[in-house]
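The shown structure was predicted, so the numbers you read here are calculated from the model rather than taken from an experiment.
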Amino acid sequence: MATGPTPWEATVARRLRFNGTDSKNGGCPAVHEDLDSGEIIVQGTPLTDPEDIARLQHFGPGDAAVVVPRELLVNHGPKEVTRVPKLIVLEEFGRLFETFEHSAWHLETRRGYASDREDPGYAEFLATGTAPCDLDSEWCANIRRQTAGGKYVGRVRVVDNPPTEGQLFLLDYARCNAATGEDVRSMWREDAERFRLPAEDFWIFDSRLVAVLRFDDEDAFHDVEVITEPAEVLRYCQVRDAAVHGSVPYDEFAARLGADH
């Protein structure tokens with residue numbers, strides 16, 4: 001009879017999400033979360049002094065104690081046992097682009113969007129290779145007003161290699177985004193995975209509110225979940241910083257893509 005672990009016990013590892021660190025050099029201490037069980041893993045300096053350990057209550061022989069600053073748990077520890085999604089209607093989501101105070105930033109990770117394919121400009125792009133640009137549209141006019149007032153609007157688009165048809169459309173349409181004053185950048189999916197970016201689309205408004213865009217299996221926009229819990233918002237802001245660092249301006253990306261293909 002086998003006495004060792006079964007194959008799945010030996011190979012299955014935790015799916016951990018890095019929640020954050022207060023370390024200035026990116027090391028200890030840090031907080032991770034098990035995405036399946038919801039358990040929290042705290043990484044810090046081990047407590048080793050026997051007299052200190054003797055003062056710990058209910059400390060078992062297989063237990064380990066670590067020392068972390070209070071700020072780590074305040075900034076990166078969960079504030080709720082379970083997060084209840086807060087959904088908003090499309091009208092409320094649209095108002096966020098008119099009422100944000102200083103910044104709005106978007107991560108796009110999907111391989112295509114049903115709304116793009118349904119746009120007449122998509123068919124024109126397939127026929128001519130150029131996406132039409134209407135700077136007088138309601139969206140473009142609003143973004144132009146916001147950026148003209150000194151506000152920052154930016155996005156990073158994740159692109160497969162080779163790019164999908166929908167991604168090529170958006171890469172060409174980025175000319176229109178940039179003309180409104182947006183900071184438009186692109187990055188390869190393999191780089192996004194290397195930087196551990198989540199495979200989800202979201203907007204961050206004023207570094208205090210996150211709107212996660214949810215889609216169905218047919219790439220159709222479904223609903224918007226709003227997150228305001230500080231530790232969760234901070235995690236998305238860290239994703240934003242990594243995405244901007246790992247990306248390049250869209251026109252530079254397009255030039256490289258053209259040279260390689």
Problem set entry | Any side-chain heavy-atom pair of Leu168 and Phe125 under 4.5 Å | yes

For this session: For the pair Asp201 and Val212, evaluate side chain to side chain contact (heavy atoms under 4.5 Å, CB included) and give the outcome as yes or no after the intermediate values.
Result: CA-CA 6 Å; Asp201 281 35; Val212 181; over 6 Å; no

Problem set entry | Contacts of type ring-ring contact (aromatic ring centres under 6.0 Å, His included), residue His222, not counting sequence neighbours | none

Exercise. Sequence neighbours excluded, which residues qualify as side chain to side chain donor-acceptor pair (under 3.5 Å) partners of Ser37?
Worked result: Asp34, Glu39

Exercise. Should the ring pair Phe205 and Phe97 be called parallel, tilted or perpendicular, given that the plane angle runs from 0 to 90° and is split at 30 and 60?
Worked result: perpendicular

Problem set entry | Validation row: Gln43, Val66 side chains within 4.5 angstrom (heavy atoms) | no

Sequence neighbours excluded and cut-off under 3.5 Å, please list the side-chain donor-acceptor pairs for residues 51-63, or say none.
unit_1	atom_1	unit_2	atom_2	d
Arg55	NH1	Glu51	O	3.2
Asp63	OD2	Gly60	N	2.6

Exercise. So does Arg196 have more than 12 non-hydrogen atoms from other groups sitting under 6.0 Å from CZ?
Worked result: no

Exercise. For Phe169 and Ala131, which heavy atoms make the closest approach, and how far apart are they?
Worked result: CE1-CB, 3.7 Å

Problem set entry | Close side-chain approach of Trp105 and Val153, heavy atoms under 4.5 Å | no

Seminar exercise, completed: What one should report as the nearest heavy-atom pair of Val224 and Ala211 is CG1-CB, 3.7 Å

Problem set entry | Any Val156 side-chain heavy atom under 4.5 Å of Ser186 side chain | no

For this session: For the pair Phe253 and Trp188, name the ring-plane relationship: parallel under 30°, tilted 30 to 60°, perpendicular over 60°.
Result: tilted

Exercise. Quick one: salt bridge (charged side-chain N to carboxylate O under 4.0 Å, His left out) pairs with a partner in residues 237-251, sequence neighbours left out?
Worked result: none

Exercise. Any link between Leu90 and Leu209 through a network of hydrophobic side chains (Ile, Leu, Val, Met, Phe, Trp, Tyr) touching at under 4.5 Å?
Worked result: yes

Exercise. Between Asp219 and Arg110, is there a side-chain N and carboxylate O pair less than 4.0 Å apart?
Worked result: yes

Exercise. Taking only residues two or more places apart in sequence or in another chain, which ones pass side chain to side chain donor-acceptor pair (under 3.5 Å) with Asp172?
Worked result: Arg175

Exercise. How would you list, by chain and number, every residue that makes a side chain to side chain donor-acceptor pair (under 3.5 Å) with Arg185, sequence neighbours excluded?
Worked result: Ser247

Exercise. Which word best sums up how the rings of Phe221 and Phe93 line up, parallel for under 30°, tilted for 30 to 60°, or perpendicular for over 60°?
Worked result: tilted

Exercise. In Å and rounded to the nearest 0.5 Å, what is the CZ to CD1 distance from Phe18 to Ile41?
Worked result: 13.0 Å

For this session: Give the C-alpha distance, both sets of side-chain angles, the deciding distance and a yes or no for side chain to side chain contact (heavy atoms under 4.5 Å, CB included) between Val31 and Thr21.
Result: CA-CA 7 Å; Val31 172; Thr21 177; over 6 Å; no

Exercise. Closest approach of Ala178 and Tyr250, non-hydrogen atoms and distance?
Worked result: CB-CE2, 3.7 Å

Seminar exercise, completed: For Met187 and Ala243, the nearest pair of non-hydrogen atoms, with its separation, is SD-O, 4.0 Å

Problem set entry | Considering all heavy atoms, the nearest Pro198-Val239 contact | CD-CG1, 3.5 Å

Exercise. What residues, two or more places apart in sequence or in another chain, satisfy side-chain contact (heavy atoms from CB on, under 4.5 Å) together with Thr164?
Worked result: Arg111, Asp160, Gln167

Exercise. Between atom CG of Leu197 and atom CG of Asp191, what is the distance when rounded to the nearest 0.5 Å?
Worked result: 9.5 Å

Exercise. Between Val226 and Val210, is any pair of side-chain heavy atoms under 4.5 Å apart?
Worked result: no

Exercise. With side chains defined as the heavy atoms from C-beta onward, is the minimum distance between Tyr152 and Asp183 less than 4.5 Å?
Worked result: yes

Problem set entry | Candidate list Arg155, Arg144, Arg157, test salt bridge (Lys or Arg N to Asp or Glu O under 4.0 Å), partner Glu182, passing option | Arg155

For this session: Quick one: closest heavy-atom pair of Ser207 and His102, and the distance?
Result: N-CE1, 4.4 Å

Problem set entry | Qualifying salt bridge (charged side-chain N to carboxylate O under 4.0 Å, His left out) pairs with a residue from residues 87-102, counting only residues at least two apart or across chains | none

Problem set entry | Pairwise side-chain contact, Leu107 with Val158, heavy-atom cut-off 4.5 Å (strictly under) | yes

Problem set entry | Derivation and outcome, side chain to side chain contact (heavy atoms under 4.5 Å, CB included), residues Leu213 and His106 | CA-CA 10 Å; Leu213 312 185; His106 187 25; 3.9 Å; yes

Exercise. Do NZ/NE/NH1/NH2 and the carboxylate oxygens of Arg214 and Glu225 come within less than 4.0 Å?
Worked result: yes

Exercise. Can you list the residues that meet the side chain to side chain donor-acceptor pair (under 3.5 Å) rule with Tyr122, with sequence neighbours excluded?
Worked result: Glu165

Exercise. Arg208: what forms a side-chain contact (heavy atoms from CB on, under 4.5 Å) with it, not counting sequence neighbours?
Worked result: Asp206

Problem set entry | Inter-residue atom distance Leu16.CG - Glu33.CD, 0.5 Å rounding | 9.5 Å

For this session: I would like to know whether Glu108 and Leu170 meet side chain to side chain contact (heavy atoms under 4.5 Å, CB included); could you show each step before the answer?
Result: CA-CA 10 Å; Glu108 297 182 19; Leu170 289 175; 3.7 Å; yes

Problem set entry | Min side-chain heavy-atom separation Cys237-Ile204 under 4.5 Å | yes

Exercise. Leu87 and Trp203: same hydrophobic cluster, using ILVMFWY side-chain contacts below 4.5 Å?
Worked result: no

Problem set entry | Hydrophobic cluster (4.5 angstrom, side-chain heavy atoms) - remaining members for Tyr173 | none

Exercise. Can you find a side-chain donor-acceptor pair between Glu200 and Tyr236 that sits under 3.5 Å?
Worked result: yes

Seminar exercise, completed: dist Lys151:NZ -> Phe100:CZ (nearest 0.5 Å) comes out at 5.0 Å

With a cut-off of 3.5 Å and sequence neighbours excluded, list every side-chain donor-acceptor pair involving residues 132-141.
unit_1	atom_1	unit_2	atom_2	d
Asp134	OD1	Asp136	N	3.1
Ser137	OG	Asp134	O	3.1
Ser137	OG	Cys140	N	3.3

